[in-house]
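Counting convention: from 1, in listed order, for ligands and their atoms alike.
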Amino acid sequence: MLSLSDLQVAGKRVLVRADLNVPLGKDESGNVVITDDGRIRASLPTIAQLADGGARVIVMAHLGRPKGQVKPELSLAPVAVRLAELLGRPVGFVPQLTGEDVQLAVSGMSDGDILLLENVRFDPRETSKQEAERGELANELAGLADLYVSDGFGVVHREQASVTDVAKRLPHAAGNLVQAEAEVFRKVLRDPDRPYVVVLGGAKVSDKLAVIGNLLPTVDRLVIGGGMCYTFLAAKGFDVGDSLLEADQIETVAEVMRRAEEAGVEIVLPIDVVVARSFSADAERKTVPADSIEPGWMGLDIGPASIELFATKLSDAATIVWNGPMGVFEMEPFALGTAGVAEAIAAAGGFTVVGGGDSAAAIRQLGIGEERFSHISTGGGASLEFLEGKELPGIAVLEE
Ligand code: ADP
Ligand code: MG
């Protein structure tokens with residue numbers, strides 16, 4: 001996989017796939033505002049390095065899920081404005097992805113100029129399952145440039161025109177972000193410093209079971225909280241009341257626990273949980289032992305004894321990977337578990353990696369300094385697939 005420094009970019013037109021998929025909101029006067037510009041910031045080093053190197057930088061990205069239709073509220077226009085502010089230099093914007101206006105804008109560029117194209121997902125061919133359709137769009141995009149740089153880590157697990165098909169049509173390299181992310185995940189997958197502890201939480205057990213399966217040969221300890229822990233508690237034979245439960249996964253979970261034991265991997269589950277009468281911030285709630293959840297109650301966070309236990313299990317770790325919040329942190333009464341574990345990870349001092357969109361959001365929402373973690377991934381789905389051991393098409397294509 002080539003990196004930016006392997007390319008001669010001066011005077012060249014460089015097409016960059018970035019991940020600028022930021023959350024949008026509205027201000028008091030109803031204007032669209034960017035509520036979290038983390039992903040734009042993460043894209044700056046590559047764009048700035050290319051422009052500094054004299055490239056004509058053509059950036060493409062997606063925003064939201066317009067499903068192949070032009071949705072004005074998902075235009076990248078406000079992103080172009082923020083990108084320019086953060087870069088401290090002008091960024092041109094064309095409200096199209098391909099066609100005459102785009103060709104005109106590109107032919108008018110000088111060395112060091114930056115141009116952002118409109119939302120790639122306004123074009124149905126971007127996400128088409130038909131390679132021929134994607135290829136048609138990829139031909140049009142590749143025709144705009146001399147080189148391709150892949151820097152949208154959040155989309156490298158997708159087989160999409162701007163991610164994989166364009167890469168096949170132009171000399172290519174990984175941008176700084178994709179390079180850094182791939183390095184981190186390769187390191188924790190292949191050669192983690194020990195003890196190596198993985199903390200898993202969040203909502204979907206079935207998604208994360210594949211991760212556990214792939215990690216068993218390398219990990220020393222698995223700490224499990226969040227919505228997924230109730231299927232584990234159920235597999236141990238406990239009643240979980242109205243907690244999130246994937247009943248059809250109980251057998252698989254039991255099997256995973258047996259395999260973990262054989263492999264000498266310690267599985268740490270909560271010993272107490274915060275249960276509530278309903279899924280709401282002001283529901284009646286109490287803390288109970290993990291084996292004593294009564295019918296009519298649902299576990300929405302790990303309890304204080306679990307936080308302490310998890311912190312102990314993290315304190316000696318040399319490598320920690322964390323994916324998935326410990327509770328429904330979006331509601332204040334159920335955020336303590338996630339905050340406590342995040343704090344314990346930040347305090348652990350080894351190499352600490354956070355993957356998962358909601359986990360990264362939790363760190364920001366809870367005001368835990370991002371600089372206290374070694375790496376916070378920008379790609380939730382991509383980081384999970386990396387940990388599952390899957391080949392990511394957007395990475396594989398760069399290795400060709
Ligand atoms: P990530 O994006 O970090 O990979 P997930 O998407 O898997 O995490 O899960 C995040 C979601 O899981 C959050 O919205 C959170 O509210 C929810 N969650 C965590 N604990 C529970 C629980 N005990 N019951 C229901 N949902 C939960
Ligand atoms: Mg998520």
Side-chain angles (χ1 to χ4, degrees), residues 19 21 23 36 38-39 64-65 153-155 157 181 185 198-212 215 222-234 238-247 249 269-281 283 285-288 290 293 297-303 306-307 310 320-342 345 352-366 368 370 373 375-388:
D19 176 10
N21 188 26
D36 178 354
R39 283 187 165 145
R65 294 170 184 262
F153 184 71
V155 288
H157 58 313
E181 295 259 18
F185 286 100
V198 173
V199 184
L200 290 176
K204 279 196 217 103
V205 185
S206 27
D207 277 8
K208 303 203 179 176
L209 279 178
V211 174
I212 297 180
L215 289 176
L222 271 171
V223 175
I224 297 173
M228 64 180 290
C229 78
Y230 301 95
T231 307
F232 280 74
L233 293 172
F238 302 159
D239 285 326
V240 297
D242 295 344
S243 307
L244 197 70
L245 177 67
E246 286 186 42
Q249 297 291 325
L269 292 172
I271 48 177
D272 63 344
V273 293
V274 179
V275 294
R277 277 290 188 191
S278 64
F279 192 85
S280 124
R285 60 178 187 273
K286 61 182 181 180
T287 301
V288 299
I293 305 174
W297 293 83
M298 59 181 76
L300 295 182
D301 197 8
I302 59 171
S306 304
I307 297 175
F310 287 10
I320 300 174
V321 172
W322 174 33
N323 180 292
M326 295 292 103
V328 186
F329 72 96
E330 297 93 334
M331 296 189 230
E332 208 205 314
F334 312 110
L336 286 177
T338 302
V341 166
I345 294 170
T352 54
V353 179
V354 182
D358 290 291
S359 315
I363 286 174
R364 285 195 281 271
Q365 183 195 307
L366 301 167
I368 302 162
E370 293 179 72
F373 300 86
H375 182 81
I376 300 182
S377 178
T378 56
S383 65
L384 210 58
E385 292 199 13
F386 234 117
L387 294 174
E388 284 173 39

Working to the nearest 0.5 angstrom, can you tell me the gap between [X] [atom1] and [Y] [atom2]?
X    : Y    : atom1 : atom2 : result
F185 : E385 : CZ    : CD    : 12.0 Å
E246 : L209 : CD    : CG    : 8.0 Å
K208 : T231 : NZ    : OG1   : 12.5 Å
I212 : F232 : CD1   : CZ    : 3.5 Å
I302 : L269 : CD1   : CG    : 11.0 Å
M331 : R285 : CE    : CZ    : 11.0 Å

(request) May I ask you to check if ligand 1 and A203 share an N or O to N or O distance below 3.5 Å? (result)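 Yes; at least one N/O pair falls below 3.5 Å.
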(message) Please report whether ligand 1 has a polar contact with G299, defined as an N or O pair separated by less than 3.5 Å (distance criterion only).
(response)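 In this structure, G299 places an N or O atom under 3.5 Å from an N or O of ligand 1.
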Under 4.0 Å from a heavy atom of [X]: which atoms of ligand 1 are those, numbered in the order shown and with their elements?
X    : answer
S359 : 3 (O)
G324 : 3 (O), 8 (O)
G226 : 20 (N), 23 (N)

(message) Can you check which of G380, A361, P270, G327 brings a heavy atom nearest to atom 19 (C) of ligand 1?
(response)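 The residue whose heavy atom sits nearest atom 19 (C) of ligand 1 is G327.
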(request) Please state which part of M298 comes within less than 4.0 Å of ligand 1, counting heavy atoms only: side chain, backbone, both or neither. (result)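 The answer is neither.
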(message) Just to be sure I read this right, does ligand 1 sit under 4.0 Å from the backbone of N323, its side chain, both, or neither, counting only heavy atoms?
(response)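 Side chain only.
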(message) So Y230 and M298, do their side chains get closer than 4.5 Å, heavy atoms only?
(response)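 Heavy-atom side-chain distance check fails, nothing below 4.5 Å.
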(message) Counting C-beta onward and ignoring hydrogens, is there a side-chain heavy-atom pair between V274 and L300 closer than 4.5 Å?
(response)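 No, side chains not in contact.
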(request) Run the contact test for K208 against ligand 1 with a 4.0 Å cut-off on heavy atoms, strictly below, and give the result. (result)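 The answer is yes: ligand 1 sits under 4.0 Å from a heavy atom of K208.
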(message) I'd like to know whether ligand 1 has Y230 as a neighbour, heavy-atom separation below 4.0 Å.
(response)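 Yes.
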Who's the nearest protein heavy-atom neighbour of [atom], and how far?
atom                    : result
atom 15 (C) of ligand 1 : E330 OE1, 3.6 Å
atom 10 (C) of ligand 1 : D358 OD2, 3.5 Å
atom 26 (N) of ligand 1 : V328 CG2, 3.7 Å
atom 21 (C) of ligand 1 : G227 N, 3.3 Å

(request) Please say whether more than 12 non-hydrogen atoms of neighbouring residues, nucleotides or ligands are located less than 6.0 Å from CZ in R65. (result)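 At most 12 heavy atoms, drawn from other residues, nucleotides or ligands, come within 6.0 Å of this atom.
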(request) Check whether the side chains of E181 and S383 place a donor and an acceptor atom closer than 3.5 Å, and report yes or no. (result)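 Checked: E181/S383 side chains show no N/O donor-acceptor pair below 3.5 Å.
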(message) Looking only at N, O or S atoms in D358, which is nearest to the Mg ion (ligand 2)?
(response)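 That would be atom OD2.
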